[in-house]
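Have a look at the structure below, then the notes.
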Amino acid sequence: MDELYAVLGAPTVESIAVDWAGVEERLGTELPADYKGFSNKYPAMFVNQFLRVAHPSCVDPDLNLLLDAQTRTKSLRELVSEFPLLYPHSAYPDKGGLLCWGNNVNREQCYWLTEGHPDEWKVVIGDELDYCWEFDGGFSDFLLKSLTGVLDHDFYGSFTGSLSEVEFIR
């Protein structure tokens, strides 16, 4: 996490304190410790005018983990129910379902694959059979590799590269 914090630097907007017990009760699950630690330090953010990271206390409903991300998870659940052959994963709260934590400007969703203990959850980008990238790592590893330009994947398109701009959003 220290390496991730060094890449991002100090936030220009203070993060709003999170009632993690309340958040996890509303979601019906514990969340990964790296995400909680990250969210205790940083508010929601928009990285390189591309990647959005939701925060449970963000006042912007489009970047609030309990509002927008849950709406996106619910939409996925409806699509999986209607078109099950198009989706390799179910949606949370199904065991092993996808739980949204962010998205990008190309309308691709960023999820946790809720298999095993939350600290073991992998990141999944996209949700349909023809576009579902399972990153072999968790939230902080994905974010660090994204911000340092290490990842080379279609997800990034022309946005591939190291961190050049971050907008912190309360």
Side-chain angles (χ1 to χ4, degrees), residues 1 3-5 7-18 20 23-24 26-27 29 31-79 89 91-92 97-114 118 121-128 131-135 137-170:
M1 292 293 285
E3 190 177 355
L4 178 58
Y5 297 159
V7 169
L8 277 169
T12 56
V13 174
E14 192 173 314
S15 182
I16 299 171
V18 178
W20 289 111
V23 167
E24 292 174 336
R26 278 186 66 187
L27 289 175
T29 185
L31 292 172
D34 63 344
Y35 175 78
K36 293 190 290 187
F38 182 83
S39 296
N40 285 336
K41 184 171 178 81
Y42 292 99
M45 63 183 65
F46 188 39
V47 178
N48 289 349
Q49 296 185 4
F50 176 71
L51 178 64
R52 296 178 188 97
V53 179
H55 187 281
S57 296
C58 186
V59 295
D60 180 339
D62 292 333
L63 285 167
N64 184 294
L65 184 74
L66 294 170
L67 300 176
D68 183 63
Q70 292 312 290
T71 298
R72 292 173 190 272
T73 300
K74 181 181 177 197
S75 295
L76 173 62
R77 188 169 37 257
E78 291 167 357
L79 288 168
H89 300 288
Y92 181 79
L98 299 178
L99 175 61
C100 188
W101 60 261
N103 60 75
N104 70 22
V105 296
N106 295 333
R107 297 183 177 188
E108 296 163 320
Q109 308 310 309
C110 303
Y111 300 101
W112 285 296
L113 180 60
T114 61
W121 291 354
K122 292 182 179 181
V123 168
V124 173
I125 305 300
D127 44 37
E128 294 184 20
Y131 190 83
C132 186
W133 172 32
E134 292 186 30
F135 174 73
F139 172 81
S140 59
D141 190 35
F142 175 82
L143 204 53
L144 176 62
K145 288 182 177 174
S146 294
L147 300 181
T148 55
V150 171
L151 295 180
D152 181 22
H153 191 273
D154 292 344
F155 170 74
Y156 296 100
S158 62
F159 294 91
T160 300
S162 298
L163 175 66
S164 61
E165 177 184 352
V166 62
E167 179 184 359
F168 298 106
I169 303 162
R170 192 170 210 195

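Remember, predicted model here, so these are calculated numbers, not experimental data.
A salt bridge (Lys or Arg N to Asp or Glu O under 4.0 Å) check over residues 53-69, counting only residues at least two apart or in different chains, returns the pairs D68-R72. The stretch residues 32-55 participates, sequence neighbours left out, in these salt bridge (Lys or Arg N to Asp or Glu O under 4.0 Å) pairs: E24-K36.
For the pair T114 (side chain) and L98 (backbone), a donor-acceptor distance under 3.5 Å is absent. In this structure, Y92 contributes its side chain and Q70 its backbone to no donor-acceptor pair below 3.5 Å. Between the side chain of E134 and the backbone N or O of C132 there is no donor-acceptor pair closer than 3.5 Å. Side chain of N104 to backbone of E108: a donor-acceptor contact under 3.5 angstrom is found.
Judged as a side chain to side chain contact (heavy atoms under 4.5 Å, CB included), and not counting sequence neighbours, the contacts of E165 are N48, Q49. By the ring-ring contact (aromatic ring centres under 6.0 Å, His included) test, F139 is found to be paired with Y35, F38, W101, residues two or more places apart in sequence or in another chain being considered. By the side-chain hydrogen bond (donor to acceptor under 3.5 Å, both in side chains) test, S57 is found to be paired with no residue, residues two or more places apart in sequence or in another chain being considered. Applying the side chain to side chain contact (heavy atoms under 4.5 Å, CB included) test to R26 and every residue at least two apart in sequence or in another chain returns L66.
Here the closest heavy-atom approach between residue S15 and residue R170 is recorded as O-NH2, 4.5 Å.
The shortest side-chain heavy-atom distance between L8 and M45 falls under the 4.5 Å cut-off. Inter-residue side-chain proximity for D141 and V123 is flagged as unmet; no heavy-atom pair is nearer than 4.5 Å. Contact annotation: the side chain of W112 never approaches that of K122 to less than 4.5 Å [non-hydrogen atoms, C-beta and beyond]. Side-chain atoms of L147 and L4, non-hydrogen and from C-beta on, do get closer than 4.5 Å to each other. Side-chain contact between I169 and C58 is present, with heavy atoms from C-beta onward closer than 4.5 Å. Using a 4.5 Å heavy-atom threshold, the side chains of P43 and P11 count as touching. Contact check for L113 versus W121: no side-chain heavy atoms found under the 4.5 Å cut-off. Residues V18 and H55 are in side-chain contact: their nearest non-hydrogen atoms beyond the backbone lie under 4.5 Å apart.
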Ring pair (Phe, Tyr, Trp, His ring centres under 6.0 Å) assessment of F46 paired with F168: CA-CA 7 Å; F46 188 39; F168 298 106; over 10 Å; no
Derivation of the side-chain contact (heavy atoms from CB on, under 4.5 Å) call for Y42 and V53: CA-CA 10 Å; Y42 292 99; V53 179; over 6 Å; no
Full working for side-chain contact (heavy atoms from CB on, under 4.5 Å) between V59 and I16: CA-CA 9 Å; V59 295; I16 299 171; 4.1 Å; yes
Test log, rule side-chain contact (heavy atoms from CB on, under 4.5 Å), inputs W20 and L31: CA-CA 9 Å; W20 289 111; L31 292 172; 3.8 Å; yes
Worked check of side-chain contact (heavy atoms from CB on, under 4.5 Å) between L99 and Y111: CA-CA 5 Å; L99 175 61; Y111 300 101; 5.8 Å; no
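Taking a 6.0 Å sphere around CD of E128, one finds it holds more than 12 heavy atoms contributed by other residues, nucleotides or ligands.
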